[in-house]
Amino acid sequence: MTPQPDPEAGAAVKAADRAHVFHSWSAQELIDPLAVAGAEGSYFWDYDGRRYLDFTSGLVYTNIGYQHPEVVAAIQEQAARMTTFAPAFAVEARSEAARLIAARTPGNLDKIFFTNGGADAVEHALRMARLHTGRPKVLSAYRSYHGGTQQAVNVTGDPRRWASDSGTAGVVHFWAPFLYRSRFYAETEEQECARALEHLETTIAFEGPSTIAAIILETIPGTAGIMPPPPGYLAGVRELCDKYGIVLVLDEVMAGFGRTGTWFAADLYDVVPDLMTFAKGVNSGYVPLGGVAISSEIAATFATRPYPGGLTYSGHPLACAAAVATINVMEEEGVVENAAALGASVVGPGLRELAERHPSVGEVRGTGMFWAVELVRDRETREPLVPYNASGEANAPMAAFAAAAKKAGIWPFVNMNRTHVVPPLNTSEAELKEGLAALDTALSVADEYVR
């Protein structure tokens, strides 16, 4: 589709937004939302006709891009047939979505509890773990994000938790491995892995194993920095959970459904959790949907004992029809394989080449279509380009980088001192190279702040 400029319509959309829409995570009078006129494939455009290559996949969820015709048609067909129905009934779209998801989850995660998104999936996973074990506490990592609802934001490890952290939510945070900014004075991945596991077991011991219901981890942390764990770490966490009778919850809301070049990031590490949360890529975000994949052991807890939780729109037919179509499209078009292949042959090598040319790049890390570029003022000291949780003038270098990226034609995912490269999984090689060229231009701006 060719964008058709219509500034007058854009001004009206913007005026209504500013008058009535309350935006998340924002100081309302300090933001200036772009008015979006349309989107297709890996691009979206504004009312002035300016087109952007979306290197954010929305919020890392449009895994098959915008307006995929088969998914749009499936939603239309479902709407004509049965727009909605209560969750207590067996409905074809819901049943088929659950079957297709269960066929791809690891191990015996064969029961699917549907939610409206990732945060409430986390809420319910932790509730299930507490009820299953009869224990109150949950351990979660710093450098994590699990959602904006009350329990999900409390298990979150980044600054968005601070304003809502009650300090009494039964949550204990610990350090997960991250060699580039190691909290364990490690020099190798092997050291980082061993010391992180020792730290976690010590935390378990001092908190009291019999009080801990669950450990929740993003299989590969997303918003916090796309930090693939070192070999052996997740297997070690699995062993600790088995040793102490703790439920292992893996959060695959962002990493799942092909983002890492596998159906789930857990597949990369050959680890099977007891509970796994998902959302976003399950239907490319076309209709809100999330869920919890449940092991047979935990499902058995609620075989004759009611599970005390539910949602009015659990397994909404339109959302589930979109999920069925999305999963089928991903199979038919080889979307997961495309993410793995182009991540390995184009994105990874391209980012590493940029790192060689730009002194502002401290580290490149990732897999599939899930990459982070760590920006620094000094490669030797690894001082971040902006301070932790910077805002205002302190964040000026990252703001300048983001503005340069947009001017060059891509919409970047920027968080703290990083830019994440997370385009749709079916983005073409030519589009990826276009995006990397735009990043090259923007990184030259970041280079200006290097010491």
Asker: For His199 and Phe174, take the angle between the two ring planes, folded into 0 to 90°, and tell me which bin it lands in: parallel under 30, tilted 30 to 60, perpendicular over 60.
Answerer: tilted
Asker: For a side chain to side chain donor-acceptor pair (under 3.5 Å) with His146, tell me which candidate from Thr223, Asp251, Asp158, Asn154 qualifies.
Answerer: Asp251
Asker: Tell me, with the steps shown, if Ile246 and Arg135 meet side chain to side chain contact (heavy atoms under 4.5 Å, CB included).
Answerer: CA-CA 9 Å; Ile246 297 169; Arg135 301 173 179 178; 3.8 Å; yes
Asker: Measuring from atom CD1 of Ile31 to atom OG of Ser26, what distance do you get when rounded to the nearest 0.5 angstrom?
Answerer: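 These two atoms lie 4.0 Å from each other.
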Asker: Given 3.5 Å as the limit, does a donor-acceptor pair link the side chain of Lys14 with the main chain of Pro33, or not?
Answerer: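 Indeed, once roles are kept as given, a pair shorter than 3.5 Å links the two residues.
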Asker: I'd like to know if the side chain of Arg382 reaches the main chain of Val376, judged simply by a donor and an acceptor atom lying under 3.5 Å from each other, with no hydrogens or angles considered.
Answerer: no
Asker: Considering only NZ, NE, NH1 and NH2 on the basic side and carboxylate oxygens on the acidic side, decide whether Glu123 and Arg127 come within less than 4.0 Å.
Answerer: no
Asker: Measure the spacing between CZ of Arg104 and CZ of Phe264 and express it to the nearest 0.5 Å.
Answerer: 9.0 Å
Asker: If you apply the rule side chain to side chain contact (heavy atoms under 4.5 Å, CB included), what do you find for Ile101 with Phe257, and how did you get there?
Answerer: CA-CA 9 Å; Ile101 295 165; Phe257 289 94; 4.1 Å; yes
Asker: Ignoring hydrogens and angles, tell me if any N or O in the side chain of Ser345 forms a donor-acceptor pair with the backbone of Ala341 under 3.5 Å.
Answerer: yes
Asker: Look at atom CD of Glu8 and say whether more than 12 heavy atoms of other residues, nucleotides or ligands are closer to it than 6.0 Å.
Answerer: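 No, CD of Glu8 has 12 or fewer neighbouring heavy atoms, counting only those of other groups under 6.0 Å.
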Asker: Go through the steps for Tyr66 and Tyr43 under the test ring pair (Phe, Tyr, Trp, His ring centres under 6.0 Å), then give the verdict.
Answerer: CA-CA 8 Å; Tyr66 295 101; Tyr43 295 89; 9.9 Å; no
Asker: Any side-chain donor paired with an acceptor under 3.5 Å for Thr367 and Thr260?
Answerer: no
Asker: Relative to the ring of Phe278, is the ring of Phe114 parallel (under 30°), tilted (30 to 60°) or perpendicular (over 60°)?
Answerer: perpendicular
Asker: Please answer whether the main-chain N or O of Gln28 pairs with a side-chain N or O of His23 as donor and acceptor at a distance below 3.5 Å.
Answerer: no
Asker: Could you check Trp175 against Phe184 for ring pair (Phe, Tyr, Trp, His ring centres under 6.0 Å), going step by step and ending with a plain yes or no?
Answerer: CA-CA 9 Å; Trp175 290 108; Phe184 308 111; 7.8 Å; no
Asker: Quick check against the 3.5 Å criterion: does Ser284 have a side-chain atom that pairs as donor or acceptor with the backbone of Ile64?
Answerer: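 Answer holds: yes.
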Asker: Quick one: do the His68 and Glu40 side chains pair a donor with an acceptor below 3.5 Å?
Answerer: no
Asker: In Å and rounded to the nearest 0.5 Å, what is the CZ to CZ distance from Phe85 to Arg94?
Answerer: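 It is 9.0 Å, given to the nearest 0.5 Å.
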Asker: Kindly indicate whether the side chain of His124, heavy atoms from C-beta on, has any atom under 4.5 Å from the side chain of Thr115.
Answerer: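 Side-chain contact under 4.5 Å: yes.
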Asker: Using every non-hydrogen atom in the two residues, find where Pro230 and Cys193 come nearest and quote the distance to one decimal.
Answerer: CG-CB, 3.8 Å
Asker: Would you check if the side chain of Ser57 reaches a backbone N or O of Leu59 as a donor-acceptor pair within less than 3.5 Å?
Answerer: no
Asker: Mind checking whether Asp48 and Pro5 have side chains closer than 4.5 Å, heavy atoms only?
Answerer: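 Sidechains of Pro5 and Asp48: no contact.
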Asker: Are the side chains of Leu342 and Met369 in touch, meaning some heavy atoms are under 4.5 Å apart?
Answerer: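 A side-chain contact exists here, since the closest heavy-atom pair is under 4.5 Å.
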Asker: Among Asn116, Val287, Leu289, which residue meets the side-chain contact (heavy atoms from CB on, under 4.5 Å) test with Tyr313?
Answerer: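 Running side-chain contact (heavy atoms from CB on, under 4.5 Å) over Asn116, Val287, Leu289 with Tyr313 returns exactly one hit, Asn116.
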Asker: Check Arg143 against Pro221 and note the closest heavy-atom contact, atom names and distance.
Answerer: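 Shortest heavy-atom contact: O-CB, 4.0 Å.
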Asker: Going by the side-chain contact (heavy atoms from CB on, under 4.5 Å) test, name the single residue among Thr203, Leu200, Val172 that passes it with Ile215.
Answerer: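 When Thr203, Leu200, Val172 are each tested with Ile215, the side-chain contact (heavy atoms from CB on, under 4.5 Å) holds only for Leu200.
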Asker: For Arg195 and Tyr185, indicate whether the former's side chain and the latter's backbone hold a donor-acceptor pair under 3.5 Å.
Answerer: yes
Asker: Minimum heavy-atom separation for Ile220 to Pro228, with atom names?
Answerer: CG2-N, 3.9 Å
Asker: Looking at Arg357 and Glu353, is any side-chain nitrogen of the basic one under 4.0 Å from a carboxylate oxygen of the acidic one?
Answerer: yes
Asker: Set out, in order, the CA-CA distance, both residues' side-chain angles and the distance that settles side chain to side chain contact (heavy atoms under 4.5 Å, CB included) for Leu34 and Tyr52, then state yes or no.
Answerer: CA-CA 12 Å; Leu34 180 73; Tyr52 300 91; 3.9 Å; yes
Asker: Heavy atoms only: give me the nearest Arg181-Asn417 pair and the separation to one decimal.
Answerer: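 Answer, listing the atom of Arg181 first, then Asn417: NH2-ND2, 3.8 Å.
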Asker: Quick one: closest heavy-atom pair of Thr133 and Ala213, and the distance?
Answerer: OG1-CB, 3.3 Å
Asker: Is any side-chain heavy atom of Leu217 closer than 4.5 Å to a side-chain heavy atom of Val237?
Answerer: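 Side chain of Leu217 against side chain of Val237, heavy atoms only: contact under 4.5 Å found.
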Asker: Work out which heavy atom in Lys280 is nearest to a heavy atom in Val60; give both atom names and the distance.
Answerer: CD-O, 3.3 Å
Asker: Taking the side chain as everything from C-beta on, heavy atoms only, tell me whether Tyr286 gets closer than 4.5 Å to Ile75.
Answerer: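 Yes; the side chains approach each other to less than 4.5 Å.
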Asker: Looking at Phe113 versus Tyr307, is the centre-to-centre ring distance below 6.0 Å?
Answerer: yes
Asker: Does the side chain of Asp440 come under 3.5 Å of the side chain of His358 through a donor N or O and an acceptor N or O?
Answerer: yes
Asker: Would you mind telling me which of Arg365, Arg379, Arg418 makes a salt bridge (Lys or Arg N to Asp or Glu O under 4.0 Å) with Glu374?
Answerer: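 Running salt bridge (Lys or Arg N to Asp or Glu O under 4.0 Å) over Arg365, Arg379, Arg418 with Glu374 returns exactly one hit, Arg365.
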Asker: Just wondering, do Val247 and His132 contact through their side chains at under 4.5 Å, heavy atoms?
Answerer: yes
Asker: Output yes when a side-chain donor or acceptor of Asp120 lies under 3.5 Å from a complementary backbone atom of Gly117, and no otherwise.
Answerer: yes
Asker: Would a distance-only check, ignoring hydrogens and angles, find a side-chain to backbone donor-acceptor pair under 3.5 Å from Thr156 to Ala152?
Answerer: yes
Asker: Return the CG to CD1 distance between Asp54 and Ile410, rounded to the nearest 0.5 Å.
Answerer: 10.0 Å
Asker: For the atom pair CG (Asn426) and OG1 (Thr62), what is the distance rounded to the nearest 0.5 Å?
Answerer: 8.5 Å
Asker: Quick check: Phe44 with Trp411 (ring centres under 6.0 Å apart)?
Answerer: yes
Asker: Apply salt bridge (Lys or Arg N to Asp or Glu O under 4.0 Å) to Glu356 and Arg352, showing your working.
Answerer: CA-CA 6 Å; Glu356 291 177 2; Arg352 286 188 281 269; over 6 Å; no
Asker: Does a side-chain heavy-atom distance below 4.5 Å link Val421 with Ile226?
Answerer: no
Asker: Within the structure provided, determine whether Met330 and Trp263 are in side-chain contact (heavy-atom separation under 4.5 Å).
Answerer: yes
Asker: More than 12 heavy atoms of other residues, nucleotides or ligands under 6.0 Å from CD of Glu331: yes or no?
Answerer: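 Yes - once you tally the heavy atoms of other residues, nucleotides and ligands closer than 6.0 Å, there are more than 12.
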Asker: Determine yes or no for a side-chain-to-main-chain donor-acceptor pair under 3.5 angstrom, with Asp274 supplying the side chain and Leu248 the backbone.
Answerer: yes
Asker: Taking NZ, NE, NH1 and NH2 as the nitrogens, is one of them in Arg451 or Glu383 under 4.0 Å from a carboxylate oxygen of the other?
Answerer: yes
Asker: With rounding to the nearest 0.5 angstrom, report the OG to CZ distance, Ser144 to Arg161.
Answerer: 8.0 Å
Asker: Using the side chain to side chain contact (heavy atoms under 4.5 Å, CB included) rule, take Ile216 and Val138 through it: C-alpha gap first, then chi angles, then the decisive distance, then the call.
Answerer: CA-CA 7 Å; Ile216 183 169; Val138 174; 3.9 Å; yes
